[in-house]
S.K.: 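First the structure, which I've put down as structure tokens, then a few questions once you've had a look.
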Amino acid sequence: MQLQIRLRREKKVNRSMPVDIAIFVLLAAAGAFMAVPFVFMISTALKPLDEMFLFPPTFIVRTPTLDNFYDLFLIFANSWVPLSRYIFNTFFVAFLGTAGHVILASMAAYPLAKMNIPGKNFLFGLVVLSLMFASQVTSIPTYLTMTWIGLLNTYWSLIFPAFATSLGLFLMKQFMEQIPDSLLEAAKIDGASEYRIFWKIVMPIVRPAWLTLIIFSFKGLWGTGSGSQGASYIYSEQLKTMDYAFSQILSGGFVRSGPMAAAALIMMIVPVAIFIFTQSNVIQTMSTSGMKD
Amino acid sequence: MPNPVELNTSLPEPGRVVPSPVPRRQPGKYAELWKTMKQQKQGYVLLAPYFILFFIFTAFPVVMAFALSFTYYNVLESPKWVGWENYATLFLKDEIFLVALKNTLLFALITGPISYIACFMLAWLINELSPKIRALVTLLFYAPSISGNVYLIWQVAFSGDSFGYVNAFLMKWGFILEPIQWLQDPKYMLVIIMIVQLWLSLGTAFLAFIAGLQSMDRTLIEAGAIDGVKNRWQELWYITLPSMRPQLLFGAVMQISSSFAVAEVATSMVGFPSPQYAAHTIVTHLNDYGTIRFEMGYACAIATILFVIMLGSNMIIQRLLRKVGE
């Protein structure tokens, strides 16, 4: 008995029952605040039109139907650009942009983390500095640059800037720093070139970091369209993304909130699914994300 | 490693007459630098693709925004130098900019600290849970920031007629008799956008905090308990926070730049321009001049001010955070 109590105390240092309960209540409240909009969203997406105009409105849908999803596709059946085109655009931009970002950011992170090259502190300093302001600061000059180099109104106006996002390089470099030097030294003695070391040794080790870069980059590209800067780089309807097309539904007002909810649900599935599969790797990568004093 | 040049002079070939010991001219600092750079050529090749794009789309535009902010530029004609005029107009004549500045600072000063503390506290509380539940709760809290347009449901909830959830609820329970125009009334607009912004704010910083707490050295806490740390608040202040300092710094950077950049949520919730400019922010003002009026010089001046505000507050906060737990 004595032993058991000691064990329990050791496991939970500095913990007390009342505070544990308070924490549970606090977490439950925060969880409800976070979850309620999702419940609303699913409920709205499944509501038939007549139920939208009940008073008082039903919090949970009474007679769920898939009408809103059907309506959503009906709206696009009459649109000039078919929905399949918007879907293709979104996937093309999101996949290419994410793949390029992961490769280029890892390539650049390796010399910054593991090679002794002049100028690397300066370059990494610039990257850290660029984390400190939002991309809106550079939106106008970037727009002008795009015009000059002829990227405006092409897929590349969304893809190229995504390649060089600074958060990805930052996280990748921090993660690579924990690779033991001895491992790389051994390969160097065997005569491997830096390229070979990077590709054959470093890249497989930093797999958790790739997955993290994938979720961050994908989330950004997937949502390009409605309010973000990306919207102003592309003006041809047939090059626009799903997110943009769906956000147009909103202009229909309250009656359209059913299809809007359906669209939002469809759009959130992919990023959330990616996060579910990568969560443990993301957490592992983020543990090295800290900034040093 | 010894310098190869020195090696040559100090070890003459045997049997040869040693030349007078006039010291050989050391290669200059720059020559040496050039040599290491050439040796590490492969490193630069790896760096190049990323950094070329980084300079084109991030570094160069900052410099360009600064330069263009001193010009009048409407895209059709070449930029015309006007000196400080844009800045003078912004602060002295442009009343709407001052409203935008006030709103942005309000947003940042309220949602910034609240979201930062919420990110940390929630991560800290979650850390007490068992791994499976922890993963589930993390997903729930992080989901809003990756689910794109789901925040638009708040618009339905705060809809101005009696079918909006909030109005219906308040009317049913007799708090109000007539529906409130939540999203048209300047009194409520800012608060509602702040709530939505907070809902969206458990992002990268939150993940970094969770990760930091999980990878913390547990023995530190046990050692602290022996050294007289009595409750979890002391543990938080004396052990957890100091060992989390790198993540705290990183999280601050993430939260600060996003809390000053409020625009998208405001525009899609209350429209643009918002009634009486009650939800007008620096970024919406910037977009107004940059993408609608095409006054690029003026827009760049706004961007430069935004840059200075973001960088400045980051520097100040970094300095403060370094004092945590000291």
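Chain A is the first sequence line, chain B the second, and so forth, proteins listed ahead of strands; every chain is numbered from 1. Just the heavy atoms: all of them, side chains too, but no hydrogens, waters or symmetry mates, feed the values below.
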S.K.: Any heavy-atom pair between the side chains of B:Leu47 and A:Ile117 that's under 4.5 Å?
M.R.: yes
S.K.: Given that the side chain runs from C-beta out, which part of B:Thr267 has a heavy atom under 4.5 Å from chain A: side chain, backbone, both or neither?
M.R.: neither
S.K.: Counting only non-hydrogen atoms closer than 4.5 Å, does B:Leu129 touch chain A with its backbone (N, CA, C, O), its side chain (CB onward), both, or neither?
M.R.: side chain
S.K.: If you tally heavy-atom pairs under 4.5 Å against chain A, which of B:Trp199, B:Tyr44, B:Phe209 wins?
M.R.: B:Trp199
S.K.: Report which part of A:Leu151 has an atom under 4.5 Å of a heavy atom belonging to chain B: side chain, backbone, both, or neither.
M.R.: side chain
S.K.: Counting heavy-atom pairs under 4.5 Å with chain A, which one of B:Asn167, B:Leu306, B:Val150 comes out on top?
M.R.: B:Val150
S.K.: Top residue by heavy-atom pair count (under 4.5 Å) with chain B, among A:Ser287, A:Ser166, A:Gly100?
M.R.: A:Ser287
S.K.: Report yes or no: does A:Gln279 contribute a side-chain atom to a donor-acceptor pair with the main-chain N or O of B:Ala135 at less than 3.5 Å?
M.R.: yes
S.K.: Could you measure the distance from the CE atom of B:Met64 to the OG1 atom of A:Thr138? Nearest 0.5 Å is fine.
M.R.: 10.0 Å
S.K.: With only heavy atoms counted, which part of B:Tyr73 is less than 4.5 Å from chain A, the side chain, the backbone, both or neither?
M.R.: side chain
S.K.: Tell me, for B:Gln214 versus chain A, whether the close heavy atoms (under 4.5 Å) come from the side chain, the backbone, both or neither.
M.R.: side chain
S.K.: Between B:Phe141 and chain A, with a heavy-atom cut-off of 4.5 Å, which part of the residue counts as in contact: side chain, backbone, both or neither?
M.R.: both
S.K.: Between A:Leu26, A:Thr147, A:Leu123, A:Thr145, which residue shows the highest count of heavy-atom pairs closer than 4.5 Å to chain B?
M.R.: A:Leu123
S.K.: Return the option, out of B:Ile195, B:Thr204, B:Leu33, with the maximum number of heavy-atom pairs under 4.5 Å with chain A.
M.R.: B:Thr204
S.K.: Is there a side-chain contact between B:Leu139 and A:Phe275 (heavy atoms, below 4.5 Å)?
M.R.: yes
S.K.: What part of B:Met254 is in contact with chain A, defined as an atom under 4.5 angstrom from a non-hydrogen atom: side chain, backbone, both or neither?
M.R.: side chain
S.K.: Heavy atoms only, distances under 4.5 angstrom: which of A:Leu167, A:Val272, A:Leu171, A:Leu27 has the most pairs with chain B? Name it, please.
M.R.: A:Leu27
S.K.: Please classify the contact between B:Leu68 and chain A as side chain, backbone, both or neither, with a heavy-atom cut-off of under 4.5 Å.
M.R.: side chain
S.K.: Side-chain contact test, heavy atoms from C-beta onward, threshold under 4.5 Å: evaluate it for B:Leu311 versus A:Leu129 and give yes or no.
M.R.: yes
S.K.: Which bit of A:Val36 comes within less than 4.5 Å of chain B, counting heavy atoms only: side chain, backbone, both or neither?
M.R.: neither
S.K.: At a heavy-atom separation under 4.5 Å, does A:Glu194 approach chain B through its side chain, its backbone, both, or neither?
M.R.: both
S.K.: Which of the residues A:Phe218, A:Tyr143, A:Tyr195, A:Phe216 is involved in the greatest number of heavy-atom pairs with chain B at under 4.5 angstrom?
M.R.: A:Tyr195
S.K.: Determine yes or no for a side-chain-to-main-chain donor-acceptor pair under 3.5 angstrom, with B:Tyr50 supplying the side chain and A:Thr165 the backbone.
M.R.: yes
S.K.: Nearest 0.5 angstrom please: A:Trp222 CH2 to B:Ile146 CD1, how far?
M.R.: 12.5 Å
S.K.: Let me know if B:Met315 has heavy atoms under 4.5 Å from chain A in its side chain, its backbone, both or neither.
M.R.: side chain
S.K.: Let me know if B:Phe66 has heavy atoms under 4.5 Å from chain A in its side chain, its backbone, both or neither.
M.R.: neither
S.K.: So do the side chains of B:Ser257 and A:Met132 get within less than 4.5 Å of each other, counting heavy atoms only?
M.R.: no
S.K.: Is chain A contacted by the side chain of B:Met121, its backbone, both, or neither, given a heavy-atom distance below 4.5 Å?
M.R.: neither
S.K.: Quick one, A:Leu126 and B:Phe54 - any side-chain contact, counting heavy atoms below 4.5 Å?
M.R.: yes
S.K.: Counting heavy-atom pairs under 4.5 Å with chain A, which one of B:Phe260, B:Trp154, B:Trp233, B:Phe55 comes out on top?
M.R.: B:Trp154
S.K.: Measure the acute angle between the ring planes of A:Phe160 and B:Phe57, then classify it against the limits of 30° and 60° as parallel, tilted or perpendicular.
M.R.: parallel
S.K.: Hey, are the side chains of A:Ile23 and B:Arg232 touching, using non-hydrogen atoms and a 4.5 Å cut-off?
M.R.: yes
S.K.: So, taking the atom named CD1 in A:Ile140 and the one named CD1 in B:Ile302, what distance separates them when rounded to the nearest 0.5 Å?
M.R.: 8.5 Å
S.K.: Is any side-chain heavy atom of A:Met267 closer than 4.5 Å to a side-chain heavy atom of B:Asn149?
M.R.: no
S.K.: Give the minimum heavy-atom separation between A:Met268 and B:Ser147, together with the two atoms involved.
M.R.: CB-CB, 3.4 Å
S.K.: Taking all heavy atoms of B:Leu249 and all of A:Met291, pick out the closest pair and write down the distance.
M.R.: CD1-O, 3.6 Å
S.K.: Are any of the side-chain heavy atoms of B:Tyr142 and A:Val282 separated by less than 4.5 Å?
M.R.: no
S.K.: For chain B, which of A:Ser280, A:Ser193, A:Pro141 has the most heavy-atom pairs under 4.5 Å?
M.R.: A:Pro141
S.K.: Top residue by heavy-atom pair count (under 4.5 Å) with chain B, among A:Leu265, A:Val127, A:Val270?
M.R.: A:Val127
S.K.: Can you say whether the rings of A:Phe170 and B:Phe250 are parallel (under 30°), tilted (30 to 60°) or perpendicular (over 60°)?
M.R.: parallel
